[in-house]
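Letters A, B, ... mirror the listed sequences (proteins, then strands); counts begin at 1.
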Amino acid sequence: MAALPSPLRVCRGILKELRAIQGPSYKQSLAYSYVMDQFRRNKITGERYCRAQQEAHHASHTYLCLLASTRNHLALHNLYHSKGERSPDEVAGLVGLKLPTQPGGKGWEK
Amino acid sequence: MFRSIIRLENQFKSVISLCKACPRHQHSRCALKYSTASTERKRFYEDVSISQGEGGLYEINLDRRKLKTPGGKLFMVPNEALAIAVATEWDAQRDTLKFFTMHLTTLCNTALDNPTQRDKDQMINAALKFLETDTICYRVEEPPGLVELQRNEWDPVLRWIENRYDVAIGSSSSILGPDIPEETKETFRQHLSSYNLWSLTGLEFVITQLKSVVLSLGMIDRHLSVEQAVLLSRLEEEYQIRRWGNVEWAHDYDMYELRARTAAGALFVQLSSESSTVKQKLMQD
């Protein structure tokens, strides 16, 4: 029912994500051989209506979404949320202010 | 694995000495292992592989050690696809282990350990509780743009599920929500009881993420893709974003997290309820 991208695109998307995870040697990984195997196995032969193929297509698309979203989420997390709280100086700097400084350092008047 | 636990314990020498002195404090050590949020663990392994153990169940090996759940059980999953997906998650970790990105591992741990000790009926009841306050059954009366958006986007899904399960759900703009007949709940209860414990764990996770039974079942029944389900679940937020603008560190961050969690849950349901068909395929060759 849901209009999904074609299996070929999903397959290439998953492989792209696997390469992002495992680097250049991703072709030796378990996931690579399993994904390729599943996509080859579920190819259409003839004009048969194949329920298992739709299932596999939906599952593969879900997996692609899982990999891509996890990667994006982690990237945003590292960019914005991984450093903890900002220091008072930084917070003031965000809105263009500076923290007041005492002319002779702390306890200057004594 | 054991050595890594030791390493973790070394960071908390005071706790460890307590444990050694008094075996009754074992449970405090378990509690310590669960609290991964504050402490980051280093990636303590090089290779991740899977192996088939007793009863055809699959196990994960980190170097030569077997992966265990936080509760101390051996980590075992019912089929190869799930094992490979979990292994890929462990392989994806760089310098430190980021457990918040390992959704499938987390779901397997929950299913294996069942930390809240619930049975199937309790899980079904918890899941069905969301039907009474289902996101897509609550409608707004203003602003007109959002009213129209909700009607155009949510009504088709509602009609689909009413036809698919032959039930009446309806929508409402009152604070009490729609009046859902008892027969509807009974139909869904019967449907959910056909799932096994693992799939129910995943399904309940999806429902709590999307805050909607209708959208979750729509996705599990392959009527909706993950992206569509997440979009429909966040419809009001999307409307506000369109009006006021998108903030990457809040809106996109939330959306990707929700997508990842929902996709993990949906995949978990599918893989753990179809283990038999996967095995059949493997045996054919």
Go through the atoms of [X] and report whether side chain, backbone, both or neither lie under 4.5 Å from a heavy atom of chain A.
X: Arg261(B); answer: neither
X: Ala85(B); answer: both
X: Asp252(B); answer: both
X: Gln93(B); answer: neither

Do any of residues 16-23 of chain A come closer than 4.5 Å to chain B, heavy atom to heavy atom, and if so which ones, in number order?
Leu18(A), Ala20(A), Ile21(A), Gln22(A)
Trace of the side chain to side chain contact (heavy atoms under 4.5 Å, CB included) decision for Glu227(B) with His61(A):
CA-CA 10 Å; Glu227(B) 284 91 340; His61(A) 184 258; 3.1 Å; yes
Backbone N/O of Leu224(B) and side chain of His58(A): donor-acceptor pair under 3.5 Å
yes
Report, as yes or no, whether the 6.0 Å neighbourhood of atom CZ on Arg94(B) holds more than 12 heavy atoms from other residues, nucleotides or ligands.
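Atom CZ in Arg94(B) is crowded, with more than 12 foreign heavy atoms closer than 6.0 Å.
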Near Asp166(B) CG, under 6.0 Å, is it more than 12 heavy atoms from other residues, nucleotides or ligands?
no
Taking only residues two or more places apart in sequence or in another chain, which ones pass side chain to side chain contact (heavy atoms under 4.5 Å, CB included) with Glu90(A)?
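Glu90(A) satisfies side chain to side chain contact (heavy atoms under 4.5 Å, CB included) with Arg86(A), Ser87(A) once adjacent residues are dropped.
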Supply the atom-to-atom distance Arg222(B) CZ to Leu4(A) CG, rounded to the nearest 0.5 angstrom.
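One gets 10.5 Å once the value is rounded to the nearest 0.5 Å.
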Euclidean distance, His73(A) NE2 relative to His103(B) NE2, rounded to 0.5 Å
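Here the rounded value is 7.0 Å.
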Contacts under 3.5 angstrom, residues 262-269 of chain B side chains, donor-acceptor by atom type, not counting sequence neighbours:
from	atom 1	to	atom 2	distance (Å)
Thr262(B)	OG1	Leu258(B)	O	2.5

Once salt bridge (Lys or Arg N to Asp or Glu O under 4.0 Å) is applied, do any residues pair with Arg259(B), and if so which ones, sequence neighbours excluded?
none
For chain B, the option from Leu67(A), Leu64(A), Leu76(A), Leu79(A) that forms the most heavy-atom pairs under 4.5 Å:
Leu76(A)
Minimum heavy-atom distance between Ala260(B) and Thr70(A), given as atom pair plus value
CB-OG1, 3.7 Å
Check against side chain to side chain contact (heavy atoms under 4.5 Å, CB included), Phe100(B) and Leu74(A)
CA-CA 9 Å; Phe100(B) 62 89; Leu74(A) 191 61; 4.0 Å; yes
Apply the test side chain to side chain contact (heavy atoms under 4.5 Å, CB included) to residues Asp91(B) and Leu30(A): give CA-CA distance (whole Å), side-chain angles for both, the deciding distance (0.1 Å), then the verdict.
CA-CA 10 Å; Asp91(B) 210 14; Leu30(A) 280 172; over 6 Å; no
Contacting region of His81(A) [heavy-atom separation from chain B under 4.5 Å]:
side chain
Determine whether Ile50(B) and Tyr34(A) make a side-chain contact, defined as any pair of heavy atoms from C-beta on separated by less than 4.5 Å.
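No, their side chains stay 4.5 Å or more apart.
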